[in-house]
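Down below is the structure, laid out as structure tokens.
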Amino acid sequence: MENKNRYYKVLKENNDRLNEIDLGEKIGLSEDETRAIIAQLLAEHKIVYAKKNICNYQIMKNRIR
């Protein structure tokens with residue numbers, strides 16, 4: 001849980017400088033841990049897949065319904 005929060009915070013501040021795996025390694029996570037955290041964040045709708053930048057994931061923008 002702590003790693004997920006750290007990864008989410010770093011992803012927010014990344015500004016598309018590193019890809020998602022390198023970003024995880026930057027904070028001391030293995031590739032498998034990073035992929036598991038990404039899966040959790042996707043399931044919680046906190047991030048979205050967007051393969052148009054260096055990093056394939058971006059923070060989900062809040063939408064008013």
Side-chain angles (χ1 to χ4, degrees):
M1 185 68 149
E2 180 184 318
N3 286 338
K4 183 173 72 171
N5 292 334
R6 283 188 333 161
Y7 185 82
Y8 183 76
K9 182 180 176 186
V10 171
L11 182 63
K12 228 187 240 190
E13 298 167 354
N14 183 34
N15 293 329
D16 202 37
R17 289 181 291 228
L18 295 173
N19 70 26
E20 62 276 3
I21 302 302
D22 291 339
L23 196 59
E25 289 176 356
K26 178 181 173 183
I27 61 171
L29 301 174
S30 70
E31 184 175 343
D32 293 334
E33 290 173 317
T34 302
R35 292 193 188 280
I37 288 171
I38 289 170
Q40 290 172 1
L41 291 171
L42 284 168
E44 294 171 4
H45 302 287
K46 290 186 173 184
I47 63 173
V48 65
Y49 180 77
K51 189 177 169 99
K52 59 181 175 183
N53 300 320
I54 293 173
C55 186
N56 292 326
Y57 298 93
Q58 63 186 23
I59 303 299
M60 180 76 105
K61 304 241 189 279
N62 291 338
R63 296 182 186 169
I64 299 173
R65 296 180 184 199

Nearest heavy atoms of Ile21 and Asn19, plus distance in Å: N-OD1, 3.1 Å
CE of Met60 to CD of Glu44, rounded to nearest 0.5 Å, is 12.0 Å
No-hydrogen, no-angle side-chain donor-acceptor test under 3.5 Å, Asn3 and Arg6: yes
CD of Gln58 to NZ of Lys51: how many Å apart, nearest 0.5 Å? 14.0 Å
Once rounded to the nearest 0.5 Å, what's the spacing between atom CD of Glu13 and atom CG of Asn15? 8.5 Å
Residue pair Ile54, Arg17: steps toward the side-chain contact (heavy atoms from CB on, under 4.5 Å) verdict: CA-CA 7 Å; Ile54 293 173; Arg17 289 181 291 228; over 6 Å; no
List, by chain and then residue number, the residues other than Leu11 in its hydrophobic cluster (Ile/Leu/Val/Met/Phe/Trp/Tyr, side-chain heavy atoms under 4.5 Å); write none if there are no others. Tyr7, Tyr8, Val10, Leu18, Leu23, Ile27, Leu29, Ile37, Ile38, Leu41, Leu42, Ile47, Tyr49, Tyr57, Ile59
Measuring from Glu20:CD to Arg35:CZ, what's the distance to the nearest 0.5 Å? 7.0 Å
Which atom names give the shortest non-hydrogen contact between Glu33 and Gly28, and what distance separates them? OE1-O, 4.3 Å
In short, Cys55 meets Asp16 closest at the heavy-atom pair N-OD1, 2.8 Å
